[in-house]
Each structure stands twice: as C-alpha cells, then as structure tokens.
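All values below were derived from every heavy atom in this structure, side-chain atoms included, with hydrogens, water molecules and symmetry-related copies excluded.
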Amino acid sequence: MCIETDVLIIGCGVAGAAAALRVAQSGSFNVLVITRPASPDESNTRYAQGGIVSRGPNDSTDLLVQDVLAAGAGCCLPAAVRLLAEEGPALVQRVLIEEAGVVFDQDANGAWSYTREGGHSARRILHVGDATGR
C-alpha cells in the first residue's frame with residue numbers, strides 16, 4: 001500500500017494536532033497524521049494532568065524565561081526558551097482557546113483561573129479541572 005501526502009505528521013498529541021490544524025488551514029496541502037495507537041485521541045497529551053503554561057497577571061516574558069531556565073537546570077536551550085516565552089501565550093490563546101475551543105478553569109467573574117506550580121514564580125498555569133490533556 002502506498003499513500004501519498006504533502007505533509008506527514010507523526011503523533012497526535014497537542015503538538016501534532018496543532019501542526020496538522022495549521023497546515024490544513026492553509027488549504028494548499030494534503031495532511032496525513034499517523035500514530036501508534038489505533039485511536040487518534042490516545043496520546044501522552046490526553047493523560048496530562050498538569051496545566052498549560054501561558055502568561056498570567058503580573059507576569060512577563062523575562063520572568064517566564066528566568067523560571068524555565070532555572071527549572072531546566074542547564075538542560076534548556078536559551079533561544080528555545082525565549083521563543084516559548086515570547087510566542088507561547090499568544091499561541092495558547094489562538095490555537096487552544098479560539099480555534100480548539102478549550103475552556104480553561106475560570107473564577108467566579110469568568111476570568112481565567114491561573115495557578116502557580118512547579119518551578120514557576122508567577123500564576124501562569126491554566127487547567128481544565130484535573131484533565132487538561134483530555
């Protein structure tokens with residue numbers, strides 16, 4: 001069996017799904033996503049209980065960079081961390097909230113409920129209950 005495609009994406013977690021969505025939106029490419037499990041919703045992302053890093057109130061790009069580099073204990077590529085800190089929060093808004101319709105936890109006033117966890121020094125983590133990955 002031979003299948004032809006313009007773009008092959010391996011993996012159907014949040015990264016693979018976001019990449020497939022972005023390429024498919026261009027309308028110019030045939031996209032094929034492959035994954036080991038039989039069901040496309042079976043991925044490591046599905047079982048993630050932790051939250052999604054964004055940028056909360058009283059937060060900044062530089063503070064996020066500092067926290068990630070400190071937590072990475074020398075194993076992070078600083079340029080990649082800087083890119084994540086600069087572009088990641090806008091991508092969370094556009095891809096996960098606007099395009100995918102993820103409804104993160106909110107406070108009584110309807111504002112996103114940011115939490116602080118792990119090596120983060122600011123409240124910048126978004127959750128969907130205890131099943132963020134699903």
Side-chain angles (χ1 to χ4, degrees):
M1 171 193 243
C2 180
I3 298 174
E4 290 190 27
T5 188
D6 297 313
V7 178
L8 173 64
I9 296 174
I10 301 171
C12 62
V14 71
L21 177 64
R22 176 62 56 223
V23 173
Q25 286 173 330
S26 73
S28 308
F29 300 101
N30 181 21
V31 181
L32 176 64
V33 178
I34 63 170
T35 184
R36 187 179 344 177
S39 176
D41 66 349
E42 187 67 27
S43 70
N44 286 338
T45 299
R46 177 181 183 189
Y47 297 101
Q49 291 179 312
I52 303 291
V53 67
S54 187
R55 186 173 301 121
N58 305 314
D59 198 2
S60 71
T61 298
D62 289 336
L63 186 56
L64 177 54
V65 168
Q66 179 182 332
D67 288 352
V68 172
L69 290 175
C75 294
C76 299
L77 181 63
V81 172
R82 170 69 54 187
L83 183 65
L84 167 83
E86 290 175 351
E87 298 185 15
L91 290 170
V92 168
Q93 177 65 39
R94 189 179 82 236
V95 175
L96 296 180
I97 296 170
E98 295 171 10
E99 295 177 10
V102 175
V103 180
F104 290 104
D105 295 345
Q106 301 172 22
D107 64 19
N109 298 319
W112 298 123
S113 181
Y114 293 95
T115 62
R116 187 178 75 81
E117 59 188 44
H120 297 280
S121 63
R123 298 174 65 86
R124 64 169 67 104
I125 310 299
L126 294 168
H127 288 269
V128 179
D130 194 28
T132 303
R134 187 176 60 226

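- Looking only at side-chain heavy atoms (C-beta outward), V103 and V128 stay at 4.5 Å or farther from each other.
- The CD atom of E86 lies 12.0 Å from the CG atom of L91; values are rounded to the nearest 0.5 Å.
- Within the 4.5 Å cutoff, the side chain of F104 has heavy atoms near those of the L96 side chain.
- Atom-to-atom distance recorded for N58:CG and S60:OG is 10.0 Å, nearest 0.5 angstrom.
- Of all the heavy atoms in V31 and A24, the pair that sits closest is CG2-N, 4.0 Å.
- Q25 and R22 make their closest contact through OE1-NH1, 2.6 Å (heavy atoms, listed as atom of the first residue, atom of the second, distance).
- W112 has its side chain out of reach of D105: every pair of non-hydrogen atoms, C-beta onward, lies at least 4.5 Å apart.
- In this structure, a donor-acceptor pair under 3.5 Å is present between the side chains of D67 and S121.
- The closest side-chain heavy-atom distance from I52 to I125 is not below 4.5 Å.
- When all heavy atoms of S54 and D59 are compared, the closest pair comes out as O-OD2, 4.2 Å.
- G72 approaches C76 most closely through the heavy-atom pair CA-SG, 3.5 Å.
- F29 is connected to V33 through a chain of hydrophobic side-chain contacts under 4.5 Å among Ile, Leu, Val, Met, Phe, Trp and Tyr, so both are in one cluster.
- Across all their heavy atoms, S113 and L126 have their closest contact at O-CD2, 4.3 Å.
- A single hydrophobic cluster is not seen to contain both I3 and V7; linkage of ILVMFWY side chains at heavy-atom distances under 4.5 Å, directly or through other members, places them apart.
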D62 vs R82, salt bridge (Lys or Arg N to Asp or Glu O under 4.0 Å): CA-CA, chis, key distance, verdict: CA-CA 8 Å; D62 289 336; R82 170 69 54 187; 2.9 Å; yes
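- Contact record, P57 with Y114: CD-CD1, 3.6 Å, taken as the closest heavy-atom pair.
- In this structure, CD in Q66 is found 8.5 Å from CG in L69, a value given to the nearest 0.5 Å.
- Side-chain contact between T115 and H127: present, with at least one pair of heavy atoms (C-beta onward) separated by less than 4.5 Å.
- Without hydrogens or angle criteria, R55 side chain to P89 main chain gives no donor-acceptor distance under 3.5 Å.
- Hydrophobic clustering (side-chain heavy atoms under 4.5 Å, transitive across Ile, Leu, Val, Met, Phe, Trp, Tyr) groups I97 together with V14.
- Checked by atom type and distance alone, the side chain of R116 pairs as donor or acceptor with a backbone atom of H120 at under 3.5 Å.
- Looking at heavy atoms from C-beta onward, L32 lies out of side-chain contact with I9 at the 4.5 angstrom threshold.
- Looking only at distances, no side-chain donor or acceptor of T5 sits under 3.5 Å from a matching main-chain atom of L8.
- Between atom CG of residue L84 and atom OG1 of residue T61 there is a gap of 10.0 Å, rounded to the nearest 0.5 Å.
- The backbone N or O of D6 lies less than 3.5 Å from no partner atom in the side chain of N30, so there is not a single donor-acceptor pair.
- Checking side-chain atoms of N109 against main-chain N and O of A111 turns up no donor-acceptor pair under 3.5 Å.
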How far apart are the C-alpha atoms of R124 and E117, what are their side-chain angles, what is the distance that settles it, and do they pass the salt bridge (Lys or Arg N to Asp or Glu O under 4.0 Å) test? CA-CA 9 Å; R124 64 169 67 104; E117 59 188 44; over 6 Å; no
